[in-house]
Amino acid sequence: MKVYKFGGASVRSAEGIKNIVKIVSDVTDPLFIVISAMGKTTNAMELVLEEFMKANHKASLEKLAEVESYHNDIISELFSISENGKNAVKPLFDELKKAISEGVGDDYDRWYDHLVSYGELISTRIISAYLNECDIQNEWLDMRNLLVTDSNFREANVKMNDSQIRLQKAADFSKNRIYIGQGFIGANINGDPTTLGREGSDYTAAVVGNLLDAESVSIWKDVPGILNADPRLFENTVHIPELTYLDAVELAYSGAQIIHPKTIKPLENKHIPLYVRPFGSPSEAGSVIKATTEKPIDVPVLILRKNQVLITVRPRDFSFVLEESLSKAFVIMNKHRLKISLIQSSAISISVCVDNTRYLAGALDELGNEFKVNYNENLELLTIRGITDEIVQKTTDGRTILLTQRTRRSGRYLMKEV
Ligand code: ASP
Ligand code: MG
């Protein structure tokens with residue numbers, strides 16, 4: 001069997017969903033299809049949540065009405081009898097309305113997972129019903145019953161052994177050729193819904209591939225495959241047909257938005273190849289990520305990680321016991337879920353570069369109890385692999401650089417945003 005994953009951009013419109021029908025009917029393989037929320041639904045559900053947490057139930061329901069009407073428009077365009085599509089999602093919207101009207105927004109992260117996970121439930125319900133209407137028989141699965149995670153709400157980790165038993169039982173390919181499940185969501189052992197981190201549907205696809213021993217996993221995206229740089233940011237980009245798992249981890253860690261960083265491990269463990277395929281032209285090869293490649297990447301790779309913060313901490317007592325301070329500082333940063341993209345240390349200070357998230361303030365606060373803390377916001381981190389002076393000149397010329405790290409083959413430049 002194979003795993004296909006379709007992201008939010010692919011399912012943002014009726015046209016995209018019709019394209020899925022085409023892609024799926026062109027193959028005869030047993031498929032497990034993982035689907036994200038439609039378009040920007042996750043962001044829209046975050047707004048529903050914000051109002052709910054402020055106890056603005058009316059405003060929250062208004063935001064939800066926008067989400068519902070966006071989906072209804074897609075349904076009307078897809079289904080010959082739009083009631084068929086609407087009936088498929090009505091129970092979900094009813095549950096949401098009830099939860100918002102009656103719930104008390106106490107624990108932000110827990111409520112996030114409870115409410116925002118509906119984006120994926122809604123999209124998969126619609127697409128499953130539509131495939132049935134197109135005579136592509138399939139079974140819809142609720143991943144909250146199948147992927148068992150820890151209780152790290154908003155960034156849960158899948159418990160592979162517990163999930164395997166459930167998933168293998170549910171996805172029985174002797175009964176159905178096609179199963180449809182949500183990306184991004186699961187539940188802890190008590191059944192409380194969890195999410196796996198933004199853009200986490202790729203990780204779901206990899207986990208499902210691992211647990212069902214897939215022949216391959218394909219992530220369908222609105223790009224021609226993996227490129228050496230983001231074409232929205234850099235000129236003259238080139239396509240990279242093959243990468244190793246290690247290359248892919250490095251790229252994802254540096255901030256390449258092509259795949260979620262957690263995607264690689266479950267696949268590498270079982271040597272399952274990962275294809276990144278162009279949604280708009282399914283006959284093209286795209287890129288493949290696997291254990292070894294015929295030809296190493298021979299073009300420079302440029303990755304820009306935006307919205308970075310540089311934090312420098314120094315022990316208050318001017319102590320020189322760096323190891324002790326290091327471990328204390330990292331325990332605090334880990335506790336506050338800071339995602340570290342770069343580390344540098346001196347005799348009396350440690351600097352780290354992290355993503356700017358809603359957890360930053362809490363982390364800075366707690367670090368401030370132990371250390372003298374300085375920080376700079378609005379930065380971006382450029383990573384260059386296969387570095388040459390010419391590329392450095394071209395990409396950093398005239399920029400304010402706060403910090404540089406250079407090795408023989410690569411360079412990293414932390415710069416002020418322009
Ligand atoms: N819908 C989720 C998000 O937008 C997960 C995903 O798309 O991968 O972050
Ligand atoms: Mg997405």
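Note that this is a predicted model, so its numbers are computed, not measured. Every number for a ligand or one of its atoms is a count from 1 in the order of the listing.
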**Student:** For Thr42, counting its heavy atoms only, list the atoms of ligand 1 lying under 4.0 Å from any of them.
**Tutor:** 1 (N), 2 (C), 3 (C), 4 (O)
**Student:** Say whether Lys40 and ligand 1 are in contact under the criterion: heavy-atom distance to a ligand atom below 4.0 Å.
**Tutor:**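 Heavy atoms of Lys40 never come under 4.0 Å of ligand 1.
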**Student:** With sequence neighbours excluded, give me every side chain to side chain donor-acceptor pair (under 3.5 Å) pair touching residues 80-89.
**Tutor:** Ser80-Glu133
**Student:** Does a donor on one side chain sit under 3.5 Å from an acceptor on the other, for Asn188 and Thr149?
**Tutor:** no
**Student:** Identify whether the distance between the nearest side-chain nitrogen and carboxylate oxygen of Lys335 and Glu366 falls below 4.0 Å.
**Tutor:** yes
**Student:** Counting only nitrogen or oxygen atoms and a 3.5 angstrom limit, does Arg198 reach ligand 1?
**Tutor:** yes
**Student:** Considering residues at least two apart in sequence or located in another chain, which fulfil the side chain to side chain contact (heavy atoms under 4.5 Å, CB included) criterion with Thr244?
**Tutor:** Leu246, Asp247, Thr293
**Student:** Give the contacting part of Ser36 toward ligand 1: side chain, backbone, both or neither, where contact means a heavy-atom distance below 4.0 Å.
**Tutor:**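 Side chain only.
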**Student:** Quick one: sort the Tyr108 and Tyr112 rings into parallel, tilted or perpendicular, breaks at 30° and 60°.
**Tutor:**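 Ring orientation of Tyr108 relative to Tyr112: tilted.
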**Student:** Could you list the atoms of ligand 1 found under 4.0 angstrom from a heavy atom of Ser201?
**Tutor:** 5 (C), 6 (C), 7 (O), 8 (O)
**Student:** I'd like to know if Gly119 contacts ligand 1, where contact means a heavy-atom distance under 4.0 Å to any ligand atom.
**Tutor:**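 No, Gly119 has no heavy atom closer than 4.0 Å to ligand 1.
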**Student:** Under 3.5 Å, is there a donor-acceptor pair linking the side chains of Arg385 and Ser410?
**Tutor:** no
**Student:** Where on Glu120 is there a heavy atom closer than 4.0 Å to ligand 1, on the side chain, on the backbone, on both, or on neither?
**Tutor:**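 The side chain, only.
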